[in-house]
Amino acid sequence: MIELDRSLRTPYFLVDEGLLVRNLEILQDVAEQSGCKILLAQKAFSMFSCYPLIRRYLAGTTASGVYEARLGHEEFGGETHVFSPAYRPDEFEVLLRYADDFVFNSPAQVRKYAEKARAAGKSVGLRVNPECSTQEGHAIYDPCAPGSRLGTTAENFDPALLPLLDGLHFHTLCEQGADALETTLAAFEEKFGRWLPGLKWLNLGGGHHITRDDYDRALLIRLVRRLRETYGVEVYLEPGEAVVLNAGFLVSQVLEIVHNGMDIAILDTSAACHMPDVLEMPYRPPVLDSGEAGEKAHTYRFAGPTCLAGDVIGDYSFDRLLREGDFVVFGDMALYTMVKTNTFNGMPLPSIVLRTREGACRLIRSFDYVDFKSRLS
Ligand SMILES: Cc1ncc(COP(=O)(O)O)c(C=O)c1O
């Protein structure tokens, strides 16, 4: 069990600086050994109070649009990259202020914007689709699925665009190992490899679970080195998850226990509002000191306090009975959580807390009624 500061109001996200630094040291080592540059994909984690720390280890950020690009530019520094499936003309103008590298999704988008980006001194790339699915379970996270809008297929690639391009980009992985990257690279090189000589960079996207214990980092390093040597390109990786994997928690409390064929603990945190990936992906998040349903003496279904019948987090078992006020701590909650929270039902947003390497818990931000009301009218 982690030590909790009982003076903090639950629910709150607790990001652990020591665990974050552990990941950052691994990523920095990979970057140094392979010679690649690693960017933080802000879509996974945008806790910008941590950016000065992360900046010491990573080369920059990547963004999905104007707001993330501005945040990366203003709070992180280094290189700011951006990719969008389709840029809005008005937002593109604003992006020229913040982004250094623009990745376009289609030949039409390159034709529309590349010259303007180049004239403003920006680097220009095209996202390609190697049409190589390496994941099973998570179809909604597979950009190579049939009918995907993400990336230009070989059939739609137009070599006449090459004078407008500095690099190519692909993003196809989700929580995967270097073996999946190796498989993808074979498909990518077969379809697009001949266009790489003469380009400046290749971005291998995110989804590399580099900081997971069983990730084959030696293979990743070999793959990156080979790409650099074979094609003379700079290689980028832009992981989100790997930066904060297992570096954060969501701390909640039991509000009430009800019974309907089983014991159901209603928590002060909600899957729908505070960890929507639990429903969207879907997955069962880890809970500290718990077992599978039925594994330990007392099994509970954890559910949120919203009106949504399906606001259910999962079934867990414990050695002891749970009571009102008991803490329930979810693990691996730094990624794709804070960035996806919402105030459905008028649910308060979880506070954001940092545990420093010295062990102190610092309340970074709390939210109130104004945060709910200011998004409505
Ligand atoms: C283009 C792009 N780059 C990077 C990422 C980050 O992926 P992950 O957080 O899985 O590492 C994503 C995630 O969807 C993405 O779409």
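Each ligand, and each atom within it, is numbered from 1 in the order the structure gives. The shown structure was predicted, so the numbers you read here are calculated from the model rather than taken from an experiment.
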With heavy atoms of [X] as the reference, note each atom of ligand 1 found under 4.0 Å away.
X: Gly240; value: 6 (C), 8 (P), 9 (O), 11 (O)
X: Ala41; value: 4 (C), 6 (C)
X: Pro239; value: 11 (O)
X: Arg127; value: 1 (C)

How far is [atom] from its nearest protein heavy atom, and which residue and atom is that?
atom: atom 5 (C) of ligand 1; result: His171 CE1, 3.6 Å
atom: atom 1 (C) of ligand 1; result: Glu238 OE2, 3.5 Å
atom: atom 16 (O) of ligand 1; result: Lys43 NZ, 2.9 Å

**Prompt:** Does His81 offer a backbone N or O that forms a donor-acceptor pair with the side chain of Asp100 under 3.5 Å?
**Reply:**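 Flag not set: sc Asp100 to bb His81 has no pair under 3.5 Å.
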**Asked** Do side-chain atoms of Asp326 reach the backbone of Arg323 as a donor and acceptor pair under 3.5 angstrom?
**Response**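 Present.
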**Prompt:** Out of Asp289, Leu4, Leu14, which one pairs with Val329 under the side chain to side chain contact (heavy atoms under 4.5 Å, CB included) rule?
**Reply:**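 Looking at Asp289, Leu4, Leu14, the match for Val329 under the side chain to side chain contact (heavy atoms under 4.5 Å, CB included) is Leu4.
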**Message:** Check whether Tyr316 forms a cation-pi arrangement with Arg284 (NZ or CZ under 6.0 Å from the six-membered ring centre, at most 45° off the ring normal).
**Reply:**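 Yes; both conditions hold, so Arg284 lies above the ring face of Tyr316.
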**Prompt:** Is the NZ or CZ atom of Arg127 both under 6.0 Å from the centre of the six-membered ring of Phe83 and within 45° of that ring's axis?
**Reply:**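 Yes, cation above the ring, under 6.0 Å and within 45°.
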**Message:** Does any N or O of ligand 1 fall below 3.5 Å from an N or O anywhere on Gly207, backbone included?
**Reply:**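 Yes, since at least one N or O of Gly207 sits under 3.5 Å from an N or O of ligand 1.
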**4.0 Å heavy-atom contact, Tyr336 with ligand 1** =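 Tyr336: in contact with ligand 1 (<4.0 Å).
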**Prompt:** Closer than 4.0 angstrom: is that true for some heavy atom of Ala242 and an atom of ligand 1?
**Reply:**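 Checking ligand 1 against Ala242, which is what was asked, there is no heavy-atom contact under 4.0 Å.
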**Message:** Check this for me: does any side-chain nitrogen of one of Glu238 and Lys37 sit under 4.0 Å from a carboxylate oxygen of the other?
**Reply:**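 Lys37 and Glu238: not salt-bridged.
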**Request:** Using a strict cut-off of less than 4.0 Å between a Lys/Arg side-chain nitrogen and an Asp/Glu carboxylate oxygen, indicate whether Asp101 and Lys122 qualify as a salt bridge.
**Result:**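 A salt bridge is absent here (no side-chain N lies under 4.0 Å from a carboxylate O).
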**Message:** Test of understanding: given a 4.0 Å heavy-atom threshold, classify the contact between Glu175 and ligand 1 as side chain, backbone, both, or neither.
**Reply:**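 Neither; no heavy atom under 4.0 Å.
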**Ring geometry between Phe104 and Phe92 (parallel below 30°, tilted from 30 to 60°, perpendicular above 60°)** =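 Correct class here is tilted.
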